[in-house]
Amino acid sequence: MQLPDGPDQVDEPVSILIVEDQDMVAEAFRRVIDGEDDFSVVGVVGSVHDAVQSARVLHPRVVVMDYGLPDGTGAEATKQIKAEQPDIEVVMLTGFSSGAILGEALEAGCSGFLPKEANFGELIAAIRTVIAGRVQVPQDLMIALVAHLRPHPGALGSDLTPREAEVLHLLATGQSTTEIATQLFVSIHTVRNHIANILSKLQANSRLEAVAVAVQHGLVEMRADSGEGLA
């Protein structure tokens, strides 16, 4: 699996596909995202079918995906997109009304979540977070995600190398790809390879799911003294 480099290696605007069936909301998202010098909206669509087709043609770096769509769910669209292009990052827009919905979206391959009531600044921050390869979610959300993950083999993660376990721990603390590389004195390419191995060994489709699975299996622990992040 090929994983994207950190933002310091992006030479042109980050391409973003918006999937939102409410025209006014979609247009507002487009204007805000296009207002960032390093972002470029390459398409705006409003259905699962169009999301999959547009991703196939446009090859966006990030998809901002609404969960509720006229012909299915954002999770269904994400699963199809990630099956064809696993390096695309998906930010799911959801009301967080159901842990089961969150678990479904997570296992489909979402890289991050954003509540529908979030402000535009939070939307931009969420996009930047997934581009950087960070895993940053509130503790209560991580608890909900872990509770609704599908069962995994008890020995899952036992074959992680010491270095992979170290990278997993750094992912869980919210470090970006670049920060991990700096801390471990290795290249970004090496970090990406470690993360690809972690995803494979934990049977995860995203860094976020890998961290959730790691929490589920006790490979990393959530901090008890903070509302965000893991230990």
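When reading the values below, keep in mind they use all heavy atoms of this one structure, side chains included, and skip hydrogens, waters and symmetry mates.
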Find out whether [X] and [Y] are in side-chain contact, i.e. whether some heavy atom of one side chain is under 4.5 Å from a heavy atom of the other.
X      : Y      : value
Pro13  : Asp38  : no
Thr173 : Val220 : no
Val57  : Gln53  : no
Ile131 : Phe39  : yes
Val62  : Val90  : no
His148 : Leu102 : no
Leu170 : Leu184 : yes
Leu171 : Gln175 : no

To the nearest 0.5 Å, how far apart are [atom1] in [X] and [atom2] in [Y]?
X      : Y      : atom1 : atom2 : value
Leu199 : Ser206 : CG    : OG    : 7.0 Å
Met92  : Leu208 : CE    : CG    : 11.0 Å
Leu69  : His49  : CG    : NE2   : 13.0 Å
Ile88  : Arg56  : CD1   : CZ    : 10.5 Å
Leu93  : Phe29  : CG    : CZ    : 5.0 Å
Gln203 : Ile198 : CD    : CD1   : 14.5 Å

Strictly distance-based, threshold 3.5 Å: is any side-chain N or O of [X] a donor or acceptor partner for the main-chain N or O of [Y]?
X      : Y      : answer
Lys201 : Leu156 : no
Thr190 : Val186 : no
Ser176 : Arg134 : no
Ser54  : Ala51  : no
Glu20  : Gln22  : yes
Ser200 : Ala196 : no

Any ion pair linking [Y] and [X] (charged N to carboxylate O, less than 4.0 Å)?
X     : Y      : result
Asp23 : Arg30  : no
Lys79 : Glu76  : no
Asp66 : Lys116 : yes

Practice item. Would you sort out whether Arg207 and Thr177 count as a side-chain hydrogen bond (donor to acceptor under 3.5 Å, both in side chains), showing the intermediate values? Key: CA-CA 11 Å; Arg207 299 173 191 222; Thr177 304; 2.9 Å; yes
Within a 6.0 Å radius of atom [atom1] on [X], are there more than 12 heavy atoms belonging to other residues, nucleotides or ligands?
X      : atom1 : value
His217 : NE2   : yes
Asp37  : CG    : no
Arg31  : CZ    : no

[X] to [Y] - nearest heavy-atom pair and separation:
X      : Y      : value
Lys82  : Pro86  : NZ-O, 2.9 Å
Leu202 : Gly157 : CD2-CA, 3.6 Å
Glu166 : Arg163 : OE1-NH1, 2.9 Å
Ala210 : Leu168 : O-CD1, 4.3 Å
Pro60  : Val42  : CB-CG2, 4.2 Å
Ile33  : Ile18  : CD1-CD1, 4.0 Å

Exercise for review: Assess whether side chain to side chain contact (heavy atoms under 4.5 Å, CB included) is satisfied between Ile16 and Val64, documenting all intermediate values.
Suggested key: CA-CA 7 Å; Ile16 299 172; Val64 176; 4.0 Å; yes
Side chains of residues 103-115: which donor-acceptor partners sit under 3.5 Å, not counting sequence neighbours?
{"from": "Glu104", "atom 1": "OE1", "to": "Tyr67", "atom 2": "OH", "distance (Å)": "2.6"}
{"from": "Glu107", "atom 1": "OE2", "to": "Arg150", "atom 2": "N", "distance (Å)": "2.6"}
{"from": "Ser111", "atom 1": "OG", "to": "Glu89", "atom 2": "OE1", "distance (Å)": "2.4"}

Check your understanding: Does the pair Glu164 and Thr161 meet the rule for a side chain to side chain contact (heavy atoms under 4.5 Å, CB included), with working shown?
Key -> CA-CA 5 Å; Glu164 289 164 359; Thr161 66; 3.1 Å; yes
Check your understanding: Step by step, would you call Asp87 with Arg61 a side chain to side chain contact (heavy atoms under 4.5 Å, CB included)?
Key -> CA-CA 8 Å; Asp87 56 327; Arg61 175 78 178 277; over 6 Å; no
Point to revise | Partner set under salt bridge (charged side-chain N to carboxylate O under 4.0 Å, His left out) for Glu122, not counting sequence neighbours | key: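 Applying salt bridge (charged side-chain N to carboxylate O under 4.0 Å, His left out) to Glu122 gives none.
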